[in-house]
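Count residues from 1 along the sequence. Bear in mind the structure is a predicted one, so any value in this text is a computation, not a measurement.
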Amino acid sequence: MIIAIDGPAGSGKGTVAEFVAEKLGLTRIDTGAMYRCVALETLREGVSIDNKKKIIEIAKAIEIRFDEKQNVYLNGENVTKEIRSAEVSSTVSSVSPIPEVREEMVKQQRALAKGLNVIMEGRDIGTVVFPNADFKFYLDASLDERARRRLLQNSENNVGMSFEDIRKNLEKRDYDDSHREVGALIRCDDQIYIDSTNMTIEEVVEYILQKVGVRK
Ligand code: DC
């Protein structure tokens with residue numbers, strides 16, 4: 001079984017995917033983490049974000065792996081924390097629109113899911129990676145609510161960023177995500193749309209489980 005969850009940054013895809021994966025015994029694959037690995041290696045090798053050729057080479061050469069605890073490994077090294085740094089976050093928006101990088105990531109995402117029951121989250125999972133997924137969800141929330149959630153998360157992790165800055169940053173990411181030439185974040189008729197603005201994580205998880213159960 002394949003469950004695809006797409007949606008904008010800060011919509012809660014990761015947390016929801018984690019709970020659903022645990023409940024249904026699925027392997028969770030966070031595709032954003034994979035693009036972040038390409039960005040991290042680009043930074044580490046000191047490659048300019050204008051050097052597309054080299055970035056494509058990096059995407060093809062690196063080995064990305066997850067373990068059952070959701071740790072992320074880049075060429076065997078645990079980079080779970082590092083890929084969340086501000087530097088990686090700002091670089092990833094330059095590497096993820098490159099069509100050949102996407103092509104390579106999509107190939108790796110399909111390979112990682114082969115033979116497994118999977119819940120995969122990202123921006124183009126139900127549209128590009130697994131258009132025939134058993135269940136496709138689009139998880140949304142208003143910009144203000146996503147900024148509010150991020151602010152809360154940041155204060156728990158001692159990251160000091162104002163609500164306004166977080167909001168602006170999310171707004172830019174929304175724009176970038178929906179204006180990519182390849183693999184853009186789009187809503188489709190065959191996705192189950194969830195507006196989680198006024199829902200708790202538990203309610204979203206319950207809703208997804210109900211949909212999967214009802215249609216199984
Ligand atoms: O979900 P995230 O913030 O960890 O994603 C990191 C970046 O990767 C973000 O710029 C969007 C991009 N991304 C993508 O282009 N396609 C995906 N399937 C997942 C993430």
Any chain of hydrophobic side-chain contacts (each under 4.5 Å) joining [X] to [Y]?
{"X": "V38", "Y": "V128", "answer": "yes"}
{"X": "V212", "Y": "L116", "answer": "no"}
{"X": "L143", "Y": "I186", "answer": "no"}
{"X": "L40", "Y": "F66", "answer": "yes"}
{"X": "I192", "Y": "Y138", "answer": "no"}

For side-chain contact (heavy atoms from CB on, under 4.5 Å), just list the numbers for M105 and T31, CA-CA rounded to whole Å, side-chain angles, deciding distance to a tenth of an Å, and then say yes or no.
CA-CA 8 Å; M105 288 302 107; T31 61; over 6 Å; no
Within a radius of less than 6.0 Å around [atom1] of [X], do more than 12 heavy atoms belonging to other residues, nucleotides or ligands occur?
{"X": "E87", "atom1": "CD", "value": "no"}
{"X": "E22", "atom1": "CD", "value": "no"}
{"X": "F19", "atom1": "CZ", "value": "no"}
{"X": "E63", "atom1": "CD", "value": "yes"}

Rounded to the nearest 0.5 Å, how far does [atom2] of [Y] lie from [atom1] of [X]?
{"X": "E164", "Y": "I166", "atom1": "CD", "atom2": "CD1", "result": "10.0 Å"}
{"X": "T15", "Y": "I201", "atom1": "OG1", "atom2": "CD1", "result": "4.5 Å"}
{"X": "D176", "Y": "R123", "atom1": "CG", "atom2": "CZ", "result": "10.5 Å"}
{"X": "N169", "Y": "S89", "atom1": "CG", "atom2": "OG", "result": "8.0 Å"}
{"X": "Q108", "Y": "E103", "atom1": "CD", "atom2": "CD", "result": "12.0 Å"}
{"X": "S90", "Y": "I49", "atom1": "OG", "atom2": "CD1", "result": "8.5 Å"}

Does [Y] offer a backbone N or O that forms a donor-acceptor pair with the side chain of [X] under 3.5 Å?
{"X": "T80", "Y": "V72", "result": "yes"}
{"X": "K136", "Y": "D190", "result": "no"}
{"X": "S11", "Y": "L139", "result": "yes"}
{"X": "D67", "Y": "Q70", "result": "yes"}
{"X": "D140", "Y": "I194", "result": "no"}
{"X": "D6", "Y": "G126", "result": "yes"}
{"X": "S96", "Y": "Y35", "result": "no"}
{"X": "S196", "Y": "M199", "result": "no"}
{"X": "Q191", "Y": "C188", "result": "yes"}
{"X": "R110", "Y": "V129", "result": "yes"}

What closest approach, in Å, do [X] and [Y] show between heavy atoms, and which atom pair accounts for it?
{"X": "A184", "Y": "S178", "value": "CB-O, 3.9 Å"}
{"X": "I58", "Y": "V47", "value": "CD1-CG2, 4.0 Å"}
{"X": "G122", "Y": "I125", "value": "N-CG1, 3.6 Å"}
{"X": "L209", "Y": "V20", "value": "CD2-CG1, 4.2 Å"}
{"X": "M34", "Y": "L112", "value": "CE-CD1, 3.7 Å"}
{"X": "A141", "Y": "T197", "value": "CA-OG1, 3.4 Å"}

NZ or CZ of R148 within 45° of F163 ring axis and under 6.0 Å
no
Compare all side-chain heavy atoms of [X] with those of [Y] and state whether any distance is below 4.5 angstrom.
{"X": "I3", "Y": "F137", "value": "yes"}
{"X": "I98", "Y": "I56", "value": "yes"}
{"X": "V88", "Y": "E82", "value": "no"}
{"X": "I62", "Y": "C37", "value": "yes"}
{"X": "R28", "Y": "E121", "value": "yes"}
{"X": "F135", "Y": "K211", "value": "no"}
{"X": "I208", "Y": "I5", "value": "yes"}
{"X": "T27", "Y": "N117", "value": "no"}

Could you check whether [X] pairs with [Y] (Lys NZ or Arg NE/NH1/NH2 to Asp/Glu carboxylate O, under 4.0 Å)?
{"X": "D30", "Y": "R84", "answer": "yes"}
{"X": "E57", "Y": "K54", "answer": "yes"}
{"X": "R149", "Y": "E145", "answer": "yes"}
{"X": "E41", "Y": "R36", "answer": "no"}

Step by step, work out the side-chain contact (heavy atoms from CB on, under 4.5 Å) result for D124 and T127.
CA-CA 5 Å; D124 59 344; T127 51; 3.7 Å; yes
Hey, mind stepping through I29 and I119 against side-chain contact (heavy atoms from CB on, under 4.5 Å) and telling me if it holds?
CA-CA 6 Å; I29 301 173; I119 182 160; over 6 Å; no
Under the side chain to side chain donor-acceptor pair (under 3.5 Å) criterion, do D144 and S142 qualify, and how do the steps go?
CA-CA 5 Å; D144 278 342; S142 73; 5.8 Å; no
Partner residues of Y207 under the ring-ring contact (aromatic ring centres under 6.0 Å, His included) criterion, sequence neighbours left out:
none
Here's a test for you: under salt bridge (Lys or Arg N to Asp or Glu O under 4.0 Å), which of K168, R146, R180 qualifies with D174?
R146
Run the numbers on E206 and Q210 for side chain to side chain donor-acceptor pair (under 3.5 Å), then give the verdict.
CA-CA 6 Å; E206 204 42 57; Q210 189 198 324; over 6 Å; no
V118 and M120: CA distance, side-chain angles, deciding distance, side-chain contact (heavy atoms from CB on, under 4.5 Å) verdict
CA-CA 6 Å; V118 161; M120 190 177 278; 4.0 Å; yes
